[in-house]
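Below you'll find the structure, written out as structure tokens, and then a few comments.
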Amino acid sequence: MGSKSEEYREWVENVAEENEGFQEIQEALRDLARSGGRVLNFSHHDLDGTTSAAIMKLGLEALGAEVHSRFPMGFHLSPGELLRRLRECEPVDAVLITDRGTDESYDELTRLHERIILIDHHPSRSSPKRCLWYNPSISDGDQTAAAHLCHMLITSLGISSPYLDFYALLGCRGDFAFDPVTGERGEFVRPFIDYAEEALPNLFQVVKGRPTRYDIAFRDRTTRINQIAEILNASCYAHNYSGRSPKLSGIYGPTLCFQILRRVVEEEWPLQEMNFTEIEEWLRGFPEGEVLSEIYRLYLEDWERAMEEMERVTRIAVAGETSVYFVMGRETPLMPLAASVKLHELKRSEDGEVLLVVFHEGPSSINISARGTGDQIHCGFLLNALARRIGERYGLAREVSGGGHLKAGECIVPLKVLKMEKVMEEFTALLHDIGLIDHLYRKGSLPKSGFKRAEELGLRYIGR
Ligand SMILES: [Mn+2]
């Protein structure tokens, strides 16, 4: 391996030296490996989550530990879920939670197991006191993915493999930490991406073809890593398609995706030689190929519909230099993803930044997502404010959750607890608050309480 590999390893060492949480986890993982300990890993059910789990399993098992991977639905791991799975899996020496948040509510789980380890990259306003945790993005700094953090930890324990690199690349792609077509990569992921590009250049090669959901800047080209990430991410949601295709009945998406990730290593796929031109070619290499093709067909159908819905966006507010757009739909689950593409199209026609809010009514919940191009309004904080508002107003703090990153946030309201019109009412009230704060701020007469409220709403351009 070339110098990029050494540079990356040195960079990981430097990060480790400066971060206590990283060192503590490193030590804990080393002990587990040495004693052949059993690890129960709960990971998020998306591509970053499944690749994080694949990295931890491959890496820790190479070191001598035993890893059991689970992908329960939802974001936060609940005590009830943990208890149930602990009973299934006993004895468990450590519970590893990857890509599922880093807030103080996780301390609760230490009553069920003394060793809880969190590896995560979601911003959070509180941090656990009784868990071991590593999250360089907790106060919203760095663009990264949980799979990248897992890769760093495994690398720091002296294990390397092109499969680990492949997994981490997919996780980073899934969470928009880099763009192989434009060459853009976040500061924090750069040493890894530079190294991976040298190790697996075929995956970075720009090819003409159908743009994937990740190809936002250019709509006539893509790369193999984007193509693979798109189908594998779609496979994480395969269970949602089971009603539409008998071929997909009984499938749980994250488990399917994880199985495919594992197959690549078990069958020792020559990653450097993956030079397909159509993604279907790649799918055919798997025993699950037919299932994957079916998922891909349904996914593309949904994608086209979601893109059509995006034609109906409306501008509903301006806050600071950001234009806020809105669109609403039903039973079109890919709308938040299509919104990322639409967002950049809107941005090209606006002078300032753009934020796009999507209200989507699914079979069991209302999903409100926000995507932004700039750093003036924090999408995660905005939707956290909406969730808290609904929670306080209707006593639904446990049922309604919201949060996320600077440029992508989400709030989920189960339909059985609140109707669409009530959610809309609260959202409108929130918009009204934003309008008022913006107005007073422009006039220079925003009171102190207004600055505090602006912070809660994620209006970062105020009070800087
Ligand atoms: Mn993630």
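Every number for a ligand or one of its atoms is a count from 1 in the order of the listing.
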* **Parallel, tilted or perpendicular, as decided by the 30° and 60° cut-offs, for the rings of Y296 and Y299** =>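 Y299 and Y296: parallel rings.
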For F204 and F178, take the angle between the two ring planes, folded into 0 to 90°, and tell me which bin it lands in: parallel under 30, tilted 30 to 60, perpendicular over 60.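 If you compare the ring of F204 with that of F178, the planes turn out tilted.
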For the Mn ion (ligand 1): the N/O/S atom of [X] at shortest distance:
X    : answer
D175 : OD2
D99  : OD1
D48  : OD2

Original post:
Between D120 and N135, is there a donor-acceptor pair closer than 3.5 Å when you use the side chain of the first and the backbone of the second?
Top reply: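 No.
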ask   = Less than 4.5 Å apart, any side-chain heavy atom of I116 and any of L132?
value =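 With C-beta onward as the side chain, the pair stays apart.
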Look at the N, O or S atoms of H121, main chain and side chain alike, and state whether any lies under 2.8 Å from the Mn ion (ligand 1).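 Checking the Mn ion (ligand 1) against H121, an N, O or S atom does fall under 2.8 Å.
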